[in-house]
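Please read these numbers as outputs of a predicted model, since none were measured by experiment. Sequential numbering from 1 along the given sequence is applied to the chain's residues.
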Amino acid sequence: MEDYQEVLEFSSNVLAEPAIQAYKNLEPAVLVVDLQQQTAIVSYRQTKRESADSIVPFLAFHYLDEEEEIKLFDVINSKAKGIGTSLSRYLNRDNDEISWVATNLILKPGSPFFSKGTLIGRRTKEKNVTLQNLYNIIKLLTKKSALANLSKERKLNIALYYFNLIKELFPEHWDDNQLYRMTHITCLNTLAIVGNEIINENYSMKSQQPDSVKITKLLNNLKEIDWLSSGNLKYIKGAAGSKMLADDILNCLYN
């Protein structure tokens, strides 16, 4: 009981330190206390940005002596597990246009990926599309085309338009990823490859607008594809599979 009281008192003193009080709005909390070494690990659970869309927790180590700093630096840089690619894309979204577009496809309520995307890369039955997946999808949608030169805002609007249109045309296929494979990653990559071609052919650089009538007419032909999870699409895997399926779909759309 005495140790417990001592831990509480030490924790309270740590949180009262000026260096930590300066970041009181970040909700600091003591995670670990070493009474013998008189050290503590503090977690900051909030973010300074009032407009931030999500919270990334982090740790800070205060008042380490030189030997402790060296040891900790060595552990972090040689043994600590690196962050996942999805979280890395999120953290770099302000410095990378594709990461910014992919992030907004998850965060915007009007996005077809709002209820399907995960920022940190942890998939669930409902959220099966990671930020890294969307990064790759946007690259496939825009690469080697005039779309690649558009602003990030334009790229986002095109992606929202294209995938929302598919969702509106095939709502059951889009919402049920157990019965249908349309929103499985291989098929989403396929749809991005298809979109790269049909949007480029039906996009006016002058007005900066896609030809909705022509694109809708083409995408309606997606109904000719058997999207059932129990069908042949279950054998389509990887980048090569996406490319092969995209070629088949394009033939179907134009014939």
message = I'd like to know whether Leu233 forms a side chain to side chain contact (heavy atoms under 4.5 Å, CB included) with Cys187, so could you lay out the CA-CA distance, the side-chain angles of the two residues, the decisive distance to 0.1 Å, and finally the verdict.
response = CA-CA 8 Å; Leu233 290 187; Cys187 292; 4.2 Å; yes
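- Side chains of Tyr161 and Ser212 form a contact here, defined as non-hydrogen atoms less than 4.5 Å apart.
- Between the side chain of Asn13 and the backbone N or O of Glu9, at least one donor-acceptor pair lies under 3.5 Å.
- At distances below 3.5 Å, at least one donor-acceptor pair connects side-chain atoms of Tyr162 with backbone N or O atoms of Leu191.
- Residues Gly231 and Asp226 share a closest heavy-atom pair of CA-OD2, 3.9 Å.
- When all heavy atoms are compared, the tightest approach of Lys234 to Ser229 is CB-O, 3.5 Å.
- Remark: side-chain polar atoms of Asn177 are paired, donor with acceptor, to backbone N or O of Lys125 under 3.5 angstrom.
- Residues Ile166 and Met182 meet the side-chain proximity criterion, which asks for heavy atoms closer than 4.5 Å.
- Two different hydrophobic clusters hold Tyr203 and Ile193 under the rule that ILVMFWY side chains link at heavy-atom gaps under 4.5 Å.
- Hydrophobic cluster membership is shared by Leu169 and Leu222, with clusters built from Ile, Leu, Val, Met, Phe, Trp and Tyr side chains linked at under 4.5 angstrom.
- Annotation for Thr130 and Ser86: closest pair CB-OG, 3.5 Å, computed over non-hydrogen atoms.
- Annotation: side-chain contact (heavy atoms from CB on, under 4.5 Å) contacts of Ile137 (sequence neighbours excluded): Leu134, Phe163, Leu188, Asn189, Ala192.
- Note on Met244: it does not cluster hydrophobically with Leu140, by side-chain heavy-atom contacts below 4.5 Å among ILVMFWY residues.
- Residues Leu179 and Leu228 are in side-chain contact: their nearest non-hydrogen atoms beyond the backbone lie under 4.5 Å apart.
- Phe114 is not listed as a side-chain neighbour of Ile106, based on a closest heavy-atom distance of 4.5 Å or more.
- To the nearest 0.5 Å, atom CD1 of residue Ile225 and atom CZ of residue Phe170 are 9.5 Å apart.
- Linking Ile, Leu, Val, Met, Phe, Trp and Tyr whenever their side-chain heavy atoms come within less than 4.5 Å puts Met205 and Ile215 in one cluster.
- Not a single donor-acceptor pair under 3.5 Å links the side chain of Thr142 to the backbone N or O of Ala148.
- For the residue pair Ser111 and Asn164, the shortest heavy atom distance occurs at C-OD1, 4.3 Å.
- Qualifying side-chain hydrogen bond (donor to acceptor under 3.5 Å, both in side chains) partners for Asp176, counting only residues two or more places apart in sequence or in other chains: none.
- Ser242 places a side-chain N or O within donor-acceptor distance of the main-chain N or O of Thr186, the cut-off being under 3.5 Å.
- Exactly one residue among Glu153, Arg154, Lys152 makes a side-chain contact (heavy atoms from CB on, under 4.5 Å) with Leu150. That residue is Arg154.
- Here Gln178 contributes atom CD and Glu126 contributes atom CD; the two are 8.5 Å apart, rounded to the nearest 0.5 Å.
- Within a 6.0 Å radius of NZ in Lys223, other residues, nucleotides and ligands contribute more than 12 heavy atoms.
- Partners of Asn200 under the side-chain contact (heavy atoms from CB on, under 4.5 Å) rule, at least two apart in sequence or in another chain, are Ser145, Ala146, Leu147, Asn196.
- Judged purely by atom type and a 3.5 angstrom limit, Glu68 uses its side chain to pair as donor or acceptor with the backbone of Asp65.
- Residues Leu253 and Asn220 fail the side-chain proximity criterion, which asks for heavy atoms closer than 4.5 Å.
- Ser12 contributes no side-chain N or O that, together with a main-chain N or O of Leu8, makes up a donor-acceptor pair within less than 3.5 Å.
- A 4.5 Å side-chain heavy-atom check between Leu119 and Leu87 finds every atom pair outside the cut-off.
- We find that Glu97 and Lys155 are joined by a salt bridge, their nearest charged nitrogen and carboxylate oxygen being less than 4.0 Å apart.
- Partners of Phe73 by side-chain contact (heavy atoms from CB on, under 4.5 Å), not counting sequence neighbours, listed by chain and number: Asn77.
- The side-chain hydrogen bond (donor to acceptor under 3.5 Å, both in side chains) search around Asn232 returns none, not counting sequence neighbours.
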task = Assess whether side chain to side chain contact (heavy atoms under 4.5 Å, CB included) is satisfied between Val101 and Arg93, documenting all intermediate values.
result = CA-CA 8 Å; Val101 173; Arg93 66 195 184 283; over 6 Å; no
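- Taking the six-membered ring for Trp, Trp174 and Phe113 have ring centres closer than 6.0 Å.
- Side-chain contact between Leu250 and Ile198 is present, with heavy atoms from C-beta onward closer than 4.5 Å.
- Atom CD of Gln21 has more than 12 neighbouring heavy atoms from other residues, nucleotides or ligands inside a 6.0 Å radius.
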request  = Go through the steps for Tyr254 and Leu218 under the test side chain to side chain contact (heavy atoms under 4.5 Å, CB included), then give the verdict.
outcome  = CA-CA 7 Å; Tyr254 286 105; Leu218 287 169; 3.9 Å; yes
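- By the side-chain hydrogen bond (donor to acceptor under 3.5 Å, both in side chains) test, Gln132 is found to be paired with Arg89, Asn136, residues two or more places apart in sequence or in another chain being considered.
- Once rounded to the nearest 0.5 Å, the distance linking CG of Asn133 with NZ of Lys116 reads 12.5 Å.
- Taken from CG in Asn157 to CD in Gln209, the straight-line distance is 8.5 Å, to the nearest 0.5 Å.
- To the nearest 0.5 angstrom, Lys237 atom NZ is 12.5 Å from Leu245 atom CG.
- More than 12 heavy-atom neighbours from other residues, nucleotides or ligands sit within 6.0 angstrom of CD on Glu224.
- For the pair Leu141/Ile199, a side-chain contact is recorded, criterion being any heavy-atom separation below 4.5 Å from C-beta on.
- Atom OG1 in Thr118 sits 12.0 Å away from atom OH in Tyr90 (nearest 0.5 Å).
- Between the side chain of Asn128 and the backbone N or O of Thr124, no donor-acceptor pair lies under 3.5 Å.
- Looking at Asn104, its side chain never comes within 3.5 Å of a backbone N or O of Ser99 through a donor-acceptor pair.
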